[in-house]
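To keep things clear, I will list the structure first and then write my remarks on it.
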Number of protein chains: 2
Amino acid sequence: MSHPSKENIGGVTRIKDIAEKAGVSTGTVDRVIHNRGKVSPQVRDRVLQVISELNYEPNVLARALVSRRNYRLAALIPDPGYDEYWEAPSKGVDEAQEQLRPYGVEVRKHLFDQNDVESFKAAAESLSDVGYNGIVVAPLFYRESLSYMRRWSQEGIPFNLFNTHIPDYKPLAYIGQDSYQSGLLAGKLMHFGSKGGGTCLIAHVDEDVPNSSHLIKKEQGFMDYFQEKGLSDFKTISIDLKGYGDEISFHKQLDVTFEKYPDILGFFVTNSRAYAIAAYLQKRALKNILLVGYDLLQKNIAYLNEGLIHFLINQNPKGQGFYGVQMMADHLLFNKQVEPIRYLPLDIITKENVQYYI
Amino acid sequence: MSHPSKENIGGVTRIKDIAEKAGVSTGTVDRVIHNRGKVSPQVRDRVLQVISELNYEPNVLARALVSRRNYRLAALIPDPGYDEYWEAPSKGVDEAQEQLRPYGVEVRKHLFDQNDVESFKAAAESLSDVGYNGIVVAPLFYRESLSYMRRWSQEGIPFNLFNTHIPDYKPLAYIGQDSYQSGLLAGKLMHFGSKGGGTCLIAHVDEDVPNSSHLIKKEQGFMDYFQEKGLSDFKTISIDLKGYGDEISFHKQLDVTFEKYPDILGFFVTNSRAYAIAAYLQKRALKNILLVGYDLLQKNIAYLNEGLIHFLINQNPKGQGFYGVQMMADHLLFNKQVEPIRYLPLDIITKENVQYYI
DNA sequence: TTGTACGCGTTATCAA
DNA sequence: TTGATAACGCGTACAA
């Protein structure tokens with residue numbers, strides 16, 4: 001046992017300790033650790049042996065400090081200016097960026113208008129010049145997203161998906177919600193709050209349902225809840241409502257719906273526009289209609305507090321942005337194995353606990 | 001404008017940049033930053049000026065790397081061996097410790113038996129010799145906790161409280177649940193799931209209620225929900241049940257209760273023992289009794305999945321441990337201002353979303 | 001009161 | 001195939 005120069009204080013083993021014990025220099029140890037070759041097999045084995053003996057863990061701080069490498073990440077997400085919903089994911093991205101800055105991570109946001117395919121294409125196109133090391137994207141437009149995902153795959157740029165899952169070209173990870181399960185949950189809440197049977201309306205407000213797989217999954221989950229429980233006195237009907245911006249015509253559609261189904265028990269709104277239905281119920285002074293929707297938009301929260309919306313299902317949108325970036329960093333910087341699918345909790349929000357989620 | 005030696009690459013300002021611009025040495029800048037004195041006022045002002053101009057942010061990594069300081073934290077929490085509930089906070093502490101280890105943080109757990117005041121005192125006593133830099137404690141025993149908190153205050157050791165709030169000797173922060181609000185929430189769930197009025201039982205299972213302020217707050221919140229809404233056909237009755245371990249006597253108590261209140265609508269169990277009531281309901285084949293409780297214990301989850309427990313309110317116990325440690329580190333290491341009260345979300349758990357919380 | 005120089009653990013370069 | 005050494009940004013002991 002020789003104790004030359006500096007002692008290993010604190011019990012954490014360093015490269016230096018390994019080098020010493022293996023009778024080589026730190027350079028050699030480094031080459032072994034990073035498989036850079038140029039090490040004789042015997043020495044290599046000896047070093048590996050010592051490494052596992054001392055169960056060495058590299059010091060992330062020192063590593064990040066010395067590697068002047070910069071990682072440029074792109075966040076391809078809808079512009080919060082067009083839809084309040086996207087403020088939260090955007091904030092999540094910012095927070096992750098903040099936390100990872102000391103590690104040389106820089107995230108640039110490329111925003112698009114979620115109602116304009118062309119703006120998505122333009123934003124996606126603009127990524128190519130920069131040479132990003134990783135991409136985090138909310139692939140709202142299925143077909144267009146596909147083609148860019150193929151391109152990124154070919155270029156070898158890893159990308160994370162969130163909000164909408166498109167598994168075709170394997171993303172590094174999907175972060176988001178289990179749409180089907182959230183439908184089931186909505187069914188449960190509706191059932192739990194009902195005094196008896198009736199018609200449950202699944203309302204798609206201003207959506208292109210056939211092209212939105214997640215809406216279909218939500219619907220399916222909701223229907224299956226009642227089916228699996230054999231609740232035959234509950235009917236589930238899917239309706240499309242268009243143009244919620246024009247109150248008069250929108251309310252007219254709902255009037256017609258109420259005439260058609262006199263025993264309406266409640267609405268399950270499959271996107272964040274529950275407030276549009278709530279406004280109608282308020283105007284027509286309809287009581288005892290259950291209303292379950294998604295997302296903590298200010299308007300939704302207002303109606304939640306007034307008691308017109310009973311439950312909102314929350315998908316932790318901020319977390320989606322945050323983990324989208326963080327998991328990319330885990331992959332690029334820290335060589336961590338990332339889970340291919342990370343479902344975020346389906347939070348049940350009501351008037352009495354909403355304050356803790358905003 | 002002179003550009004000697006190294007250029008500032010990447011746009012992040014370093015101490016060296018400040019020194020250069022202010023025409024002093026890095027040592028002086030360092031003394032200014034850390035208020036070590038021994039700097040002439042003029043120079044000090046000039047340096048501060050430059051710092052704010054360049055809005056300098058210290059590099060946490062380099063700082064942690066160079067400061068060989070070790071921070072010893074103590075976690076004074078109940079032994080998970082006696083109560084499964086405490087596994088989660090314990091894990092949270094471990095995770096925070098793991099994350100902060102590169103920064104020289106070491107957390108030592110001092111466990112006590114939550115049913116034995118003496119073991120708490122012994123554990124708390126054992127902290128004193130070590131000389132901890134910070135303490136994270138779940139102060140289950142009010143009076144005894146008070147005396148230790150006073151001692152720590154006098155010794156100048158910062159401490160964080162979680163699970164139970166005792167504001168008398170100002171803790172650095174309280175992390176946990178808003179008991180009153182969780183009672184309100186339980187009331188809402190019970191009301192929402194009821195088909196009509198009846199008696200709601202607030203069940204304290206094996207608890208010393210008078211000495212547990214958080215139980216009283218839960219009860220109060222639950223009662224206030226019905227009171228504030230003017231729901232006069234709902235009666236709320238508080239009952240104490242003892243000895244859930246002895247099934248026969250425990251079930252007998254419940255038999256008596258059901259005789260006394262024939263119109264029982266449901267139970268609100270104020271601690272994590274909802275499973276004890278669920279077992280009774282199952283044995284007696286009682287249907288349509290609502291059951292709302294706390295905490296994701298395995299037994300609770302099992303009954304949740306069987307449909308006997310309808311909702312569990314979750315206080316993110318892992319988060320309590322995690323943030324308890326993290327906020328202490330924010331205070332000690334990173335000089336961050338920590339919020340004095342951090343309420344964790346009141347998660348509503350049901351069969352359909354429980355999978356995302358475990 | 002101020003400046004210089006070394007070290008923290010890791011990586012990368014260069015000479016041997 | 002190896003080893004010595006200079007960085008990375010910051011803190012600090014010590015010299016001036």
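All chains are named by letter (A, B, ...) in the order of the sequence lines, taking the proteins before the strands, and each is independently numbered beginning at 1.
- Heavy atoms of A:L65 sit under 4.0 angstrom from at least one base atom.
- Counting any heavy atom pair closer than 4.0 Å across all strands shown, B:V39 reaches sugar-phosphate atoms only and no base atom.
- A centroid separation of 6.0 Å or more is found between the aromatic rings of B:F120 and B:H110.
- Of the candidate nucleotides D:dT2, C:dG9, C:dT1, C:dT1 has the atom lying nearest to any side-chain atom of B:K38.
- In this structure, the CG atom of A:D30 is 16 Å from the P atom of D:dT1, given to the nearest Å.
- With hydrogens and angles ignored, a donor-acceptor pair closer than 3.5 Å exists between the side chain of B:R31 and the base of C:dG3.
- Under the 30°/60° scheme for interplanar angles, the aromatic rings of B:Y174 and B:Y343 are found to stand perpendicular.
- Among the protein residues, B:R44 comes within range of no part of the nucleic acid, since none of its heavy atoms lies under 4.0 Å from any strand.
- For C:dG9, one of the phosphate oxygens OP1 or OP2 lies less than 4.0 angstrom from a side-chain nitrogen or oxygen of A:R14.
- Counting only heavy atoms from C-beta on, B:S25 has its side chain closest to C:dT4 among C:dT4, C:dT11, D:dG11.
- A salt bridge links B:E95 with B:K318: at least one charged nitrogen is closer than 4.0 Å to a carboxylate oxygen.
- Proximity note for A:V66 (side chain, C-beta onward) versus D:dT1, D:dC10, C:dT10: the nearest is C:dT10.
- The residue B:S67 sits apart from the nucleic acid: no heavy atom pair falls under 4.0 Å.
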